[in-house]
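Take a look at the structure below.
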Protein chains: 2
Amino acid sequence: MSKRTDTIKSLFASPQSVPLSADNAVRGLPRVSSGSVRSLRDSFSDVEKENEELKERLAAGAAIVEVDPALIEPSPVSDRFRDEVDGSFEQLKQSIAHRGQEVPVLLRMHPDASGRYQSAYGHRRVRAARELGLKVKAIVRPLSDEELVVAQGLENAPREDLSFIERAVFAMNIEDAGHARTVVQDALSIDRAEASKLIAVARAVPSDIVGAIGKAAKIGRGRWQALADLMADSGALKRVEEAIAAPGFGERDSDARFLVAHSAATKPSVKSTSEPRVKPVVAASGEKIARAQLVDRDLKLTIDKKVAPDFGQFVLEKLPELYDLFRSKERQ
Amino acid sequence: MSKRTDTIKSLFASPQSVPLSADNAVRGLPRVSSGSVRSLRDSFSDVEKENEELKERLAAGAAIVEVDPALIEPSPVSDRFRDEVDGSFEQLKQSIAHRGQEVPVLLRMHPDASGRYQSAYGHRRVRAARELGLKVKAIVRPLSDEELVVAQGLENAPREDLSFIERAVFAMNIEDAGHARTVVQDALSIDRAEASKLIAVARAVPSDIVGAIGKAAKIGRGRWQALADLMADSGALKRVEEAIAAPGFGERDSDARFLVAHSAATKPSVKSTSEPRVKPVVAASGEKIARAQLVDRDLKLTIDKKVAPDFGQFVLEKLPELYDLFRSKERQ
DNA sequence: TGGGATTGTTGTCAGCTGACAACAATCGAA
DNA sequence: TTCGATTGTTGTCAGCTGACAACAATCCCA
């Protein structure tokens, strides 16, 4: 079970539930006290005892309420770049219009405005309901600022299949809202190394560039870090700003927009990428002995199956001599 | 937007919704006719027209019904190895007991048994509701056999975060239930190459071994294929059956159980794995020139930054001579 | 019967992310 | 002021899966 799944279950499980392992415990949320583990049998019989009384409560339908969407404000931490009215939002509205709202949203009472609510997650459904003139089905829970952000992250990140850059912006927004780095880690189910990398990218790439590129679902940490590093060069930054302002930029899909931006950021390279990446290595006799890839400083050899397997070891042992020969040729 | 997300939205959107691109269309499900695309404006105004009449229907709460769980049978295609009563199922029951059922299940009328239902997804919640003596909240849709299986796959695979082997068994079960290979592809949002690999593994590894190992969340295609290949050897198969029957096997976590099974399948290797994977390469002068990894037939060199970058090219060019030297030493 | 199209199988690779290690920076207590 | 603990940063790697190519097998039609 992944960390994310553990913490989602923990968030929704009652305090009497079987606790997760200690390193999965989510701080600040209702949970069994640290280190104390109740036996499965005990909690099972607890459940049996509570069943009868809860049946009546459920018969009263107490869990889900209907709320006027005009009373609901979004989470104080945004987890999308901007509110988009796009095809998927229109589809959501139509689905709700035809089928009703099948999944309730999570709300808390607004901390400052009496009689109003804030949403932890599901705010697109809130907006859709408001535009359709419908009440929204909601679960209302007492949540602290941290609990709200963690719930938002735990629910939205898997459901929305957030990309690297969306998670990065969300992480930065959580920190800019005043939360500790550990809240970022909990909300996104990540370790401190990954939190550091996400926030660094979000801070290094200007938000107008991020917004213009968009979700970029297939672009991961490495390539965003490369783009972020390039932002330190003012010439590169200028070229990217020009590229995103060019006509036609917005018409490409998001991954392609990233590639355009990245390409604009890098100076044209003399290196030919049409050169075959994997080349055969042939002996003087014409026998194929290996396949080789040479990229920057990395040389990778795959010795042919017909060749004695310790040829690789042999090459390895010969490297010092080869290096001396190489150096002597350099000196000539 | 991933294929999976597109097809989930398509499944739930009304036929009037904005259609997905043609290559995302899900066969056999309600959808806009092939190739005909309605303008966004047209469908938007259609929605406005329907809003008033739908408001009243929603006020009557028509979308979600409550059903006696005793009337509901599981999907004809199983997507879990076995019905497990484990900690997570107890947590689910407690969550429903305390909070109510927040996400409805999807049902169809049973094709053969009048007055009864089959579940496309959510059957764990059905079982939990039955054990708690509660009715279950459900959406009831007319679904063909294929539509049911596709809906089940599209909903359960992301929600349950199914591992490679769980997806493999589900794929095999779909095919064994008589469905075409393309239904497998649609249900799991995969291409025919991946479908072939999943089903091959599920057929090659005996189901008792798969069941004993379990979900194995971190074990992917490559390692399952390696284990599957080993199952052709009757000695290996026997050792694995012994390993899974041994005391203590069931107490490890699922990934560890896989490793034990895989280890039992392979003959003990003289190769030492404690040998450092990455070794420095040092010149006769003592200068560090590269880092090297030698695994089976693959040799990878990372030339040190202080060394002239074309040393890699130099080594590449010297390989034919090295091979001749190597062969001449073999002959002595 | 032959050939083209379709489907199934196998191999390979790129880029992804989880995970961890090592080092740097910061903080707080003694 | 120093030192240990904690937190942040950076690098690296293993194994994953999506994607595609190439070839094999099957099917169907002329």
Side-chain angles (χ1 to χ4, degrees), chain A residues 1-5 23 157-158 161-168 171-172 175 180-185 188-204 216-226 228-229 255 258-259 262 273 276-278 291 293 295 297-298 300 302 305, chain B residues 2-4 23 157-158 161-168 171-172 175 180-185 188-204 216-229 255 258-259 262 273 276-278 291 293 295 298 300 302 305:
Chain A
M1 190 176 286
S2 67
K3 275 165 68 181
R4 184 182 288 144
T5 306
D23 62 347
D161 202 13
L162 295 184
S163 65
F164 177 86
I165 195 63
E166 288 173 309
R167 289 159 65 232
M172 179 180 68
E175 196 157 83
R181 180 63 62 92
T182 49
V183 174
V184 172
Q185 293 164 214
L188 285 159
S189 298
I190 57 179
D191 67 13
R192 63 178 191 264
E194 181 76 350
S196 182
K197 291 166 183 168
L198 286 166
I199 292 173
V201 168
R203 293 201 187 292
K218 292 304 179 77
I219 310 298
R221 184 204 304 146
R223 290 201 275 184
W224 275 107
Q225 284 181 314
D229 288 344
D255 287 349
F258 176 89
L259 297 177
H262 187 270
T273 52
R277 305 294 303 278
V278 180
R291 284 156 61 232
Q293 274 172 280
V295 178
R297 293 177 177 278
D298 291 333
K300 181 176 178 183
T302 305
K305 285 185 167 114
Chain B
S2 68
K3 276 167 66 181
R4 182 181 290 143
D23 60 347
D161 203 13
L162 295 184
S163 67
F164 177 87
I165 195 63
E166 288 173 311
R167 289 158 66 231
M172 179 181 69
E175 195 156 83
R181 182 61 65 90
T182 49
V183 175
V184 172
Q185 293 163 215
L188 286 158
S189 300
I190 58 178
D191 68 11
R192 61 177 190 267
E194 181 76 350
S196 183
K197 291 164 182 170
L198 287 166
I199 291 173
V201 167
R203 292 200 187 293
K218 294 304 180 78
I219 310 298
R221 184 203 304 149
R223 290 200 274 184
W224 274 106
Q225 284 181 312
L227 183 66
D229 288 344
D255 287 349
F258 176 89
L259 296 178
H262 188 269
T273 53
R277 307 293 303 279
V278 178
R291 285 158 58 234
Q293 274 174 280
V295 177
D298 290 333
K300 180 177 178 183
T302 305
K305 285 183 167 118

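In this text, all values refer to a predicted model and were calculated from it rather than measured experimentally. Throughout, protein chains are lettered first and strands after them, A, B, ... in sequence-line order, and every chain is numbered starting at 1.
- With hydrogens and angles ignored, a donor-acceptor pair closer than 3.5 Å exists between the side chain of A/Arg221 and the base of C/dG18.
- Place B/Arg181 and A/Arg223 on DNA chain C by their nearest nucleotides, and B/Arg181 ends up nearer the 5' end.
- Atom CG in B/Leu198 sits about 13 Å away from atom P in D/dC16, given to the nearest Å.
- One interatomic measurement links the two molecules: CD of B/Glu194 to C1' of C/dT7, which rounds to 16 Å at whole-angstrom precision.
- The closest side-chain heavy-atom distance from B/Phe258 to B/Ile165 is not below 4.5 Å.
- Contacts of B/Ala193 with the nucleic acid, taken as non-hydrogen atoms under 4.0 Å apart, include base atoms.
- Note on A/Ser196: every side-chain N or O is 4.0 Å or more away from OP1 and OP2 of D/dG8.
- Rounded to a whole Å, the CZ atom of B/Phe164 is 7 Å from the P atom of D/dT17.
- Residue order along DNA chain C, read from the 5' end via each residue's closest nucleotide, puts B/Ile199 first among A/Gly222 and B/Ile199.
- Residue A/Leu259 contributes atom CG, which lies 16 Å from atom P of C/dA14 at whole-angstrom precision.
- In plain terms, the two heavy atoms of A/Ile190 and A/Arg167 that are nearest each other are CG2-NH2, 3.8 Å.
- Between the axis at the start and the axis at the end of the helix from C/dT1-D/dA30 to C/dA30-D/dT1 there is an angle of 10°, using five pairs per end and rounding to 10 degrees.
- Atom-to-atom, CZ of A/Arg167 to P of C/dC16 comes out at 12 Å; the value is rounded to the nearest Å.
- Summarising the geometry, the separation between CH2 on B/Trp224 and P on C/dT10 is reported as 18 Å, rounded to the nearest angstrom.
- In this structure, B/Leu188 places its CG atom 14 Å from C1' of D/dG18, rounding to the nearest Å.
- In this structure, B/Arg223 has no side chain to side chain donor-acceptor pair (under 3.5 Å) partners at least two apart in sequence or on a different chain.
- Taking for each of A/Lys197 and B/Ile219 the nucleotide of DNA chain D with the nearest heavy atom, the 5'-most of the two is the partner of A/Lys197.
- A/Arg192 is linked by a side chain to side chain donor-acceptor pair (under 3.5 Å) to nothing, counting only residues two or more places apart in sequence or in another chain.
- Regarding contacts with the backbone of C/dT17, every side-chain N or O of B/Lys218 stays at 4.0 angstrom or more from both OP1 and OP2.
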